There are 2 protein chains.
Amino acid sequence: MDLDARKLGILKAIIDEYIMSASPVGSRAISKHEEFNLSSATIRNEMADLEELGYLEQPHTSAGRVPSDKAYRLYVDQMMQKAALTDGEIKIIRAHMSAKLDEVESVMKQTAQALSAVTNYTAMVMPPMLASNRLRHIQLVPLREGRALVIIVTTAGFARDAVIRVPEDMRTGELERISHVLTERFYDCRMDQIGERIAREMSGEIFERRSFLCSVIEAIEKKMGPDSPNVQLSGATNMLHYPEYADMNKAKSFLAAVEGRSMLYEMLKRASKLEFTITIGNENPDEMFKDCSIVTATYQIGEEPLGSFGIIGPTRMNYGKVISVLEYMRRSLSEMLTNDLDE
Amino acid sequence: MDLDARKLGILKAIIDEYIMSASPVGSRAISKHEEFNLSSATIRNEMADLEELGYLEQPHTSAGRVPSDKAYRLYVDQMMQKAALTDGEIKIIRAHMSAKLDEVESVMKQTAQALSAVTNYTAMVMPPMLASNRLRHIQLVPLREGRALVIIVTTAGFARDAVIRVPEDMRTGELERISHVLTERFYDCRMDQIGERIAREMSGEIFERRSFLCSVIEAIEKKMGPDSPNVQLSGATNMLHYPEYADMNKAKSFLAAVEGRSMLYEMLKRASKLEFTITIGNENPDEMFKDCSIVTATYQIGEEPLGSFGIIGPTRMNYGKVISVLEYMRRSLSEMLTNDLDE
DNA sequence: TATTAGCACTCTGTTTTATTGAGTGCTAAC
DNA sequence: GTTAGCACTCAATAAAACAGAGTGCTAATA
């Protein structure tokens, strides 16, 4: 017994149906599909086979069948067709993205909102990882006594800042001078190589302000590292609309898991190595998301991947639509970051 | 019939009891309090009076009584005692606040988390409004052709950035020069007065780069204005633990209201004029929060109020504890921003 | 041999009905 | 002014009855 064309067709019909209705689908519902022209009894036999093969599951004896994770996997790999965006959906996205966005933070936020508004699932967006960016400018700004703000700007226009200590006897002019020296020396250096280069190039030389410089570099490195997990989240409550989360406890634990961004951050980081990922139910390493599916995409400036974003929904998710939305968003986000960040 | 001492005592007992139990309190429960030494029948009479006076309500005949908003108001104004923080609670706060916090963003986030962890309600923290800050530094950093990043630093060490357009023919040196001129000219000027001063002082002079300068100032002003509403939120799901939100729909609408930060932002902005505010149920202008109470406090650097934060919970909230927590937090946050933003 | 009609059976979800128990208001006695 | 006593109310829970969707199996059919 193997998966012939008919079984495949029936399985697809069941999955499509279940994605729509969220309730177990019975043989009669499928037998009504004209393309098959089979009685419910025949469908029942086929369904029994599909169950044996592991593609369907029965919540209890006299309910219809529900697709298994294995079935969804097959579905996204071979059967599903992408659903092009409707005009309405494009409009929604545009509405979010066309506002004057002059700050990375708000681009991330709007992206998340657009995604969740269009898909009705939960959206997450990871801020850009700056490791692959190149340094454009370093500026030290004196604050009250003993403190200064160090600001780093990358080629792509991202800025980070941190408060650092400054030796009491240092004058403003000197901070200005150091800013210049550092900018010049590390101009166009990859952010994740600054630490290394400092170790190499400065080891021989003698700097009056050695320890201070080290603390500056340290602060910079910290900011560039695993970019402080402020993942943008939007539409977490969308999940409450779905019958999968009608149970209070399930809803509670989902929301709690998602609220403490860290799991999402890990997921997105993992996913940022591939242009797209689809993770279905069990395939998810986090126990918490065993009955969710997660679809992600990466965004980039030019050729450099910068970060990733994605949506979380029930395994019974409208994969075709979601994938199209992410493809669209990936393009428009990358474009936006490359060209338009200011109008 | 008026509120004599006995009625007051009984009312307080009822409120305290209800805050603990969340279920309507009956006459028998109160009659057991030793301090009164009254039978349940007497209590019943008093309760009937209190109901007539508008301090108690009955969900239905044959249930106990529930305090009205009016009762809570009286409670917080006159009867409630503050509950000092326990060692455990202080430890929780310290754990959040003592991490290396070198960025305002993360201070806000940690504050929100500490608040929600300690109170078990929902916490919100508004980022600093920079209007009353003074300018410390302006820096223009050239990016790809035609774009630059403008960075503003205030005395208190807050930085903001925005991408702006630059005339194609402008050279790096010129941007550097303009940075210096602007910094010098507006050094120590209140952020919310820069626009005004520009209008006044520059109207006479002729600058080669007039329109460009205007766009720089415009970008600055926008950043300083109603500080882009990225209110930090934490513990929204805490509410789901309370029987008040056992109903899915209530939970859903609360979470949705809170997710779109904007209402919270408005609340916090309004509240930022007073050191503390307590808003109970109906007193809240937002329909959405008619059965919540909101307690807020402001934080500051030196004498200047910078922003506010607070917690949202059911009207049946542990006011005494919450107020103590906010007082504590107000001090430690203000201190932190004034002195320690770097270790 | 593959398909189908028919039928008994299973199991959930909903509605209906009883039952319990906490709490009240009122009256009459203290 | 206080209290014991009692009838009454009402929500919440449990138990019972019922409806309906769906299945698996068997025997007939093409």
Side-chain angles (χ1 to χ4, degrees), chain A residues 1-11 13-15 17-18 20-53 55-68 243-244 246-248, chain B residues 1-11 13-15 17-18 20-68 243-244 246-248 250:
Chain A
M1 177 181 54
D2 57 346
L3 265 187
D4 54 28
R6 194 172 78 178
K7 281 195 174 56
L8 226 59
I10 291 174
L11 182 56
I14 294 174
I15 297 179
E17 179 70 27
Y18 186 70
M20 294 294 298
S21 72
S23 47
V25 1
S27 52
R28 243 178 77 82
I30 300 301
S31 78
K32 290 214 185 87
H33 280 235
E34 308 220 325
E35 74 236 57
F36 299 127
N37 194 26
L38 291 171
S39 75
S40 65
T42 311
I43 304 287
R44 269 204 292 288
N45 289 331
E46 295 290 50
M47 284 167 107
D49 288 352
L50 285 167
E51 179 164 1
E52 208 175 319
L53 288 165
Y55 293 105
L56 292 179
E57 285 162 4
Q58 234 175 341
H60 57 87
T61 33
S62 74
R65 255 90 169 194
V66 163
S68 67
E244 279 88 341
D247 176 50
M248 215 13 155
Chain B
M1 173 179 62
D2 59 344
L3 267 187
D4 55 26
R6 193 171 77 177
K7 279 193 175 53
L8 226 59
I10 291 175
L11 182 56
I14 294 173
I15 297 179
E17 179 70 25
Y18 186 70
M20 293 295 298
S21 73
S23 46
V25 2
S27 53
R28 243 179 76 83
I30 301 300
S31 78
K32 291 214 184 86
H33 279 231
E34 308 220 323
E35 73 234 64
F36 299 125
N37 195 25
L38 291 171
S39 77
S40 67
T42 311
I43 303 287
R44 266 203 295 287
N45 289 331
E46 294 290 47
M47 283 168 110
D49 289 353
L50 284 167
E51 180 165 359
E52 207 174 321
L53 289 166
Y55 293 105
L56 292 180
E57 286 162 3
Q58 236 175 340
H60 55 86
T61 39
S62 97
R65 255 90 170 192
V66 164
S68 67
E244 280 87 342
D247 176 50
M248 218 5 155
K250 262 192 127 180

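Naming: A, B, ... by sequence-line order, numbering from 1 per chain. Owing to the predicted nature of the structure, the values given are computational and were not obtained by experimental measurement.
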* Go through the structure and list residues passing side-chain hydrogen bond (donor to acceptor under 3.5 Å, both in side chains) with A/Glu17, not counting sequence neighbours. => none

* To do: Specify the separation, in whole Å, of atom CZ of B/Arg28 and atom P of C/dG21.
  => 14 Å

* To do: Answer yes or no: side-chain N or O of B/Ser62 and base N or O of C/dT24 forming a donor-acceptor pair under 3.5 Å.
  => no

* Whole-Å gap separating P (C/dG23) and NE2 (B/His60) -> 10 Å

* **salt bridge (charged side-chain N to carboxylate O under 4.0 Å, His left out) contacts in which one or both residues fall within residues 44-54 of chain B, not counting sequence neighbours** => B/Arg6-B/Glu46, B/Lys7-B/Glu46, B/Lys7-B/Asp49, B/Glu51-B/Arg65

* Asked: Side-chain N or O of B/Ser27 less than 4.0 angstrom from OP1 or OP2 on C/dG23?
  -> no

* Using whole Å, report how far CD1 of B/Ile14 lies from P of C/dG23. => 12 Å

* Asked: Tell me: CG of A/Leu56 to C1' of D/dT23, nearest whole Å?
  -> 14 Å

* Using a 4.5 Å cut-off on heavy atoms from C-beta on, say whether the side chain of A/Leu11 contacts that of A/Leu56. => yes

* Which nucleotide sits closest to the side chain of A/Ser39: C/dT12, D/dA21, C/dT4? -> C/dT4

* **Minimum heavy-atom distance B/Ser23-B/Tyr18, with the two atoms named** => O-CD1, 3.4 Å

* What's the CE-C1' distance between B/Met47 and C/dG23, to the nearest Å? -> 9 Å

* What integer distance in Å separates A/Phe36:CZ from C/dA2:P? -> 19 Å

* Closest heavy-atom contact between B/Gly54 and B/Ser68? -> O-OG, 2.7 Å

* Nucleotide D/dT2, atom P - distance to CG of B/Asn37 in whole Å -> 11 Å

* Which atom names give the shortest non-hydrogen contact between A/Ser40 and A/Ser31, and what distance separates them? -> N-CB, 3.5 Å

* Asked: Reckon A/Ser40 touches a base, only the sugar-phosphate, or nothing at all at heavy-atom distances under 4.0 Å?
  -> nothing

* Asked: Does atom CG of A/Asp4 have more than 12 heavy-atom neighbours from other groups under 6.0 Å away?
  -> yes

* To do: Treat primed atoms plus P, OP1 and OP2 as sugar-phosphate and everything else as base, then score nucleotides 24-30 of chain D 5' to 3': B for base contact with protein heavy atoms under 4.0 Å, S for sugar-phosphate contact only, - for none.
  => BB-----

* To do: Grab the NZ-C1' distance between A/Lys7 and C/dT3 for me, whole Å please.
  => 14 Å

